[in-house]
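Encoded as structure tokens, the structure appears first; notes follow it.
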Amino acid sequence: MSRAPIRFEYEKDPKAIYRKSFAMIKDALGADNMPIDIGPVAERLIHACGMTDIIDCMFYSNRAGEIGRDALQAGALILCDSEMVSAGIIRNGLPAENEVLCTLNDPSTPALAKKNMTTRSAAALNLWLPHLEGSIVAIGNAPTALFRLMEMISDGAPRPALILGFPVGFIGAAESKQALVDYAGYLEISFITVKGRRGGSAMASAAVNAIAGGDW
């Protein structure tokens with residue numbers, strides 16, 4: 001039996017989709033009194049996950065967005081915990097042709113993980129040491145990476161300019177982000193995160209893209 005083809009009425013213009021999406025997000029946010037350098041990040045996070053209530057879970061240090069923007073404009077390297085975060089960063093939106101680096105699949109990472117009895121995501125951070133100073137760190141997958149980064153900084157590793165902490169999941173995600181909030185002042189680091197289990201690579205890369213395009 002032959003079937004008639006199915007067709008739907010939906011928006012196909014990519015510019016219109018983008019424009020309408022952010023108009024709806026701004027309407028949903030209303031007169032929220034976020035700092036001027038955090039508002040664009042909140043909008044991008046909502047756009048990435050489709051949940052307007054994510055702003056209720058956002059935590060950030062003073063001038064975090066501004067600090068990240070200035071670092072990117074000065075050429076800061078972007079360090080990612082996963083290839084998915086790296087892939088989501090809009091390269092032509094970066095202000096200084098910033099390098100984006102993910103060491104998860106470096107050939108030496110599995111051996112480091114075995115030696116240190118940890119995850120590949122955490123072990124991959126050992127390869128960040130020459131690049132950490134003044135960098136932008138975007139973590140959108142592994143809680144172990146966020147925990148390990150804070151341990152490394154506590155042990156004397158160079159400090160990044162900004163940590164975008166968005167690990168997702170059930171084991172360690174909420175705890176690692178709470179630790180970031182709790183110890184950021186002690187470690188003297190700037191950060192943006194969302195508390196709880198929610199997060200992910202799309203949100204981490206969205207935060208980078210928002211900061212890269214910051215014109216506040």
Side-chain angles (χ1 to χ4, degrees), residues 38 41-42 44-45 48-49 54 57-61 64-65 67-68 71-72 76-90 94 98-106 109 112-113 116 118-155 157-184 187-212:
I38 296 297
V41 180
R44 286 275 186 171
L45 292 179
C49 70
I54 201 77
C57 306
M58 282 187 69
F59 283 77
Y60 41 85
S61 56
I67 289 168
L72 286 178
L77 177 75
I78 303 168
L79 295 166
C80 305
D81 73 320
S82 73
E83 296 290 352
M84 288 182 68
V85 175
S86 175
I89 294 172
I90 302 171
L94 297 175
N98 308 73
E99 183 182 355
V100 180
L101 178 65
C102 176
T103 56
L104 182 64
N105 293 320
D106 187 280
T109 297
L112 285 170
N116 296 327
T118 190
T119 66
R120 286 173 56 238
S121 297
L125 270 63
N126 286 29
L127 304 177
W128 288 9
L129 279 169
H131 312 289
L132 267 176
E133 182 72 41
S135 65
I136 304 295
V137 172
I139 296 177
N141 181 37
T144 55
L146 183 53
F147 275 128
R148 182 58 188 146
L149 176 60
M150 289 185 284
E151 290 176 343
M152 288 167 61
I153 294 170
S154 176
D155 289 343
R159 291 182 180 86
L162 177 65
I163 298 173
L164 301 170
F166 298 94
V168 63
F170 292 87
I171 308 300
E175 294 83 355
S176 65
K177 289 180 282 188
Q178 185 63 56
L180 178 61
V181 173
D182 292 343
Y183 287 94
L187 296 173
E188 300 179 2
I189 49 179
S190 296
F191 74 94
I192 302 174
T193 191
V194 290
K195 284 190 177 182
R197 295 172 178 169
R198 291 186 290 183
S201 297
M203 292 177 67
S205 57
V208 175
N209 294 335
I211 291 168

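We count residues from 1, following the sequence as given.
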Check whether any side-chain heavy atom of [X] lies under 4.5 Å from a side-chain heavy atom of [Y], and answer yes or no.
X      : Y      : answer
Thr193 : Gln178 : no
Val100 : Cys80  : yes
Thr109 : Asn105 : no
Leu112 : Asp106 : no
Ile89  : Asn98  : no

Nearest atoms (heavy-atom pairs only) where [X] meets [Y]:
X      : Y      : answer
Ala173 : Pro167 : CB-O, 3.8 Å
Met58  : Val194 : CG-CG1, 3.8 Å
Ala207 : Phe166 : CB-CE1, 3.9 Å
Ala71  : Ala161 : CB-CB, 3.7 Å
Val168 : Arg198 : CG2-C, 4.3 Å
Ile192 : Gly65  : CD1-N, 4.3 Å

Q: Would you sort out whether Leu127 and Leu101 count as a side-chain contact (heavy atoms from CB on, under 4.5 Å), showing the intermediate values?
A: CA-CA 10 Å; Leu127 304 177; Leu101 178 65; over 6 Å; no

Once you round to the nearest 0.5 Å, how far does [atom1] of [X] lie from [atom2] of [Y]?
X      : Y      : atom1 : atom2 : result
Ser82  : Arg120 : OG    : CZ    : 11.0 Å
Arg44  : Asn209 : CZ    : CG    : 5.5 Å
Leu77  : Leu72  : CG    : CG    : 10.0 Å
Asp81  : Ser201 : CG    : OG    : 6.5 Å
Glu188 : Ile153 : CD    : CD1   : 11.0 Å
Asp182 : Leu187 : CG    : CG    : 11.0 Å

Q) Is there a donor-acceptor pair closer than 3.5 Å between any side-chain N or O of Ser61 and the backbone N or O of Phe191? A)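 Looks like yes, one N/O pair under 3.5 Å.
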
Q.
One pair to check against side-chain contact (heavy atoms from CB on, under 4.5 Å): Leu164 and Val41. What are the steps and the verdict?
A. CA-CA 11 Å; Leu164 301 170; Val41 180; 5.9 Å; no

Residues 129-150, side-chain donor-acceptor partners within the protein, below 3.5 Å, at least two apart:
residue	atom	partner	partner atom	Å
Ser135	OG	Leu132	O	2.8
Thr144	OG1	Thr119	OG1	2.7
Arg148	NH1	Glu151	OE1	3.2

Q) Just checking, Lys195 and Phe59: is the charged tip under 6.0 Å from the six-membered ring centre and within 45° of the axis? A)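 Yes, a cation-pi geometry holds between Lys195 and Phe59.
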
Q.
Could you check whether atom CE of Met152 has more than 12 heavy atoms from other residues, nucleotides or ligands sitting under 6.0 Å from it?
A.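 It does: Met152 CE has more than 12 such atoms within range.
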
